[in-house]
Amino acid sequence: MCCAGGGNAIATARRDKTSGEIRFFPSDQFEWVLRLNTVGTFRCITRSAAGMMTLEPIDAERGVMVNTASAAATDGQMGQAAYAAAKAAIVGMTLPIARDLSREGIRVVTIQPGIFDTPAMSRATPQMLQALGAMVPFPPRLGNSAEYASLALEMIRNGYLNGETVRLDGAIRMQPR
């Protein structure tokens, strides 16, 4: 389904390196990240559900929603408070929405990817991409779109999979920094 973005470093409060003055992170920027990721995903879900509800069921099923969270939902790094909260909200709403839509024959699942080779990652240097890939236990590389699509297809094919979040991350657990 949706969404990405808003992963910029965001500290809740920090000291200015020069003056030592305490600076708070602006609440409006925190809210922007939540609106982009969480509210944006919820809007996609509500509209998709409304459309799916008009379909004739096939084997009692009208459709499957595959949402995207992030490893940051459970392993948020320093400076990722807003992004981690937004992605954790997507994980948190997966089961309740699956339950809400169950009578309509609509399943809801979420993929929680780790470090993937995405257009946004293309801004990183080759050395940084290699270092990030080396952090992944196995296989020691970035994930790719075919692997994400393969999991999404299996989630769609498996009619008993509902209300679940599946990590797709090569067993990486993000460090605090």
Side-chain angles (χ1 to χ4, degrees), residues 1-48 65-98 108-145 147-149 151-152 163-177:
M1 288 275 333
C2 200
C3 270
N8 296 336
I10 296 172
T12 53
R14 66 173 183 250
R15 288 191 186 274
D16 183 276
K17 291 180 181 179
T18 309
S19 68
E21 177 184 355
I22 296 172
R23 302 213 175 151
F24 296 100
F25 184 79
S27 295
D28 62 327
Q29 290 181 31
F30 184 87
E31 291 171 8
W32 181 85
V33 174
L34 292 176
R35 281 192 311 275
L36 173 67
N37 291 281
T38 308
V39 176
T41 298
F42 185 77
R43 285 179 176 163
C44 290
I45 288 168
T46 59
R47 282 148 183 83
S48 296
M65 293 183 206
V66 180
N67 295 302
T68 302
S70 168
T74 50
D75 297 346
Q77 295 182 296
M78 293 171 72
Q80 285 188 324
Y83 185 71
K87 294 302 185 169
I90 294 167
V91 171
M93 65 183 169
T94 300
L95 179 58
I97 292 172
V108 181
V109 293
T110 296
I111 297 175
Q112 193 176 356
I115 305 172
F116 267 67
D117 185 9
T118 64
M121 291 295 273
S122 68
R123 292 178 272 179
T125 66
Q127 296 83 2
M128 174 156 305
L129 294 174
Q130 185 177 6
L132 287 170
M135 292 170 44
V136 179
F138 189 81
R141 60 172 173 76
L142 302 181
N144 63 59
S145 58
E147 291 164 323
Y148 183 98
L151 178 57
E164 281 299 324
T165 298
V166 177
R167 284 183 72 126
L168 182 62
D169 61 13
I172 196 168
R173 296 302 177 264
M174 304 302 287
Q175 298 302 307
R177 291 182 191 248

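The basis for the numbers below is simple: all heavy atoms, side chains too, and nothing from hydrogens, waters or symmetry mates.
I111 has its side chain out of reach of V166: every pair of non-hydrogen atoms, C-beta onward, lies at least 4.5 Å apart. Within the 4.5 Å cutoff, side-chain heavy atoms of L142 are placed close to those of L132.
Rounded to the nearest 0.5 angstrom, M135 CE and I172 CD1 are separated by 4.0 Å. Interatomic distance, CZ of F116 versus CZ of R141, reported as 8.5 Å (0.5 Å rounding). In this structure, the separation between CG on L36 and OH on Y83 is 9.5 Å, given to the nearest 0.5 Å. Going from atom CG of D117 over to atom OG of S122 covers 8.0 Å, rounded to the nearest 0.5 Å.
Within a 6.0 Å radius of CZ in R173, other residues, nucleotides and ligands contribute more than 12 heavy atoms. No more than 12 heavy atoms of other residues, nucleotides or ligands lie within 6.0 Å of CE in M128, so this atom counts as exposed by the packing criterion.
When all heavy atoms of A89 and T38 are compared, the pair lying nearest together is CB-CG2, 3.5 Å. Of all non-hydrogen atoms in A84 and A72, the two that sit nearest each other are CB-O, 3.2 Å. Nearest heavy-atom pair across R15 and G20 is NH1-O, 3.1 Å. Between F30 and A85, the shortest heavy-atom distance links the atoms CZ-CB, 4.2 Å. Across all their heavy atoms, G163 and V109 have their closest contact at N-CG1, 4.3 Å. G170 approaches P137 most closely through the heavy-atom pair O-CD, 3.2 Å.
One N or O on the side chain of Q77 and one on the backbone of Q175 form a donor-acceptor pair closer than 3.5 Å. Using modelled atom types, one side-chain atom of R123 and one backbone atom of A120 make a donor-acceptor pair closer than 3.5 Å. At distances below 3.5 Å, not a single donor-acceptor pair connects side-chain atoms of R14 with backbone N or O atoms of F25.
When T165, T74, D75, D169 are each tested for a side chain to side chain donor-acceptor pair (under 3.5 Å) with Q112, only one passes: T74.
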Audit row: I97, M65, side chain to side chain contact (heavy atoms under 4.5 Å, CB included) steps and yes/no: CA-CA 10 Å; I97 292 172; M65 293 183 206; 5.5 Å; no

CA sep, side-chain torsions, deciding dist, call: T110, M93, side chain to side chain contact (heavy atoms under 4.5 Å, CB included): CA-CA 10 Å; T110 296; M93 65 183 169; over 6 Å; no

Candidate pair N67 and I45, rule side chain to side chain contact (heavy atoms under 4.5 Å, CB included), full reasoning: CA-CA 9 Å; N67 295 302; I45 288 168; 3.6 Å; yes

Worked check of side chain to side chain contact (heavy atoms under 4.5 Å, CB included) between N37 and K87: CA-CA 7 Å; N37 291 281; K87 294 302 185 169; 3.4 Å; yes

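For D16, the side chain to side chain donor-acceptor pair (under 3.5 Å) criterion is met by S19, R23, not counting sequence neighbours.
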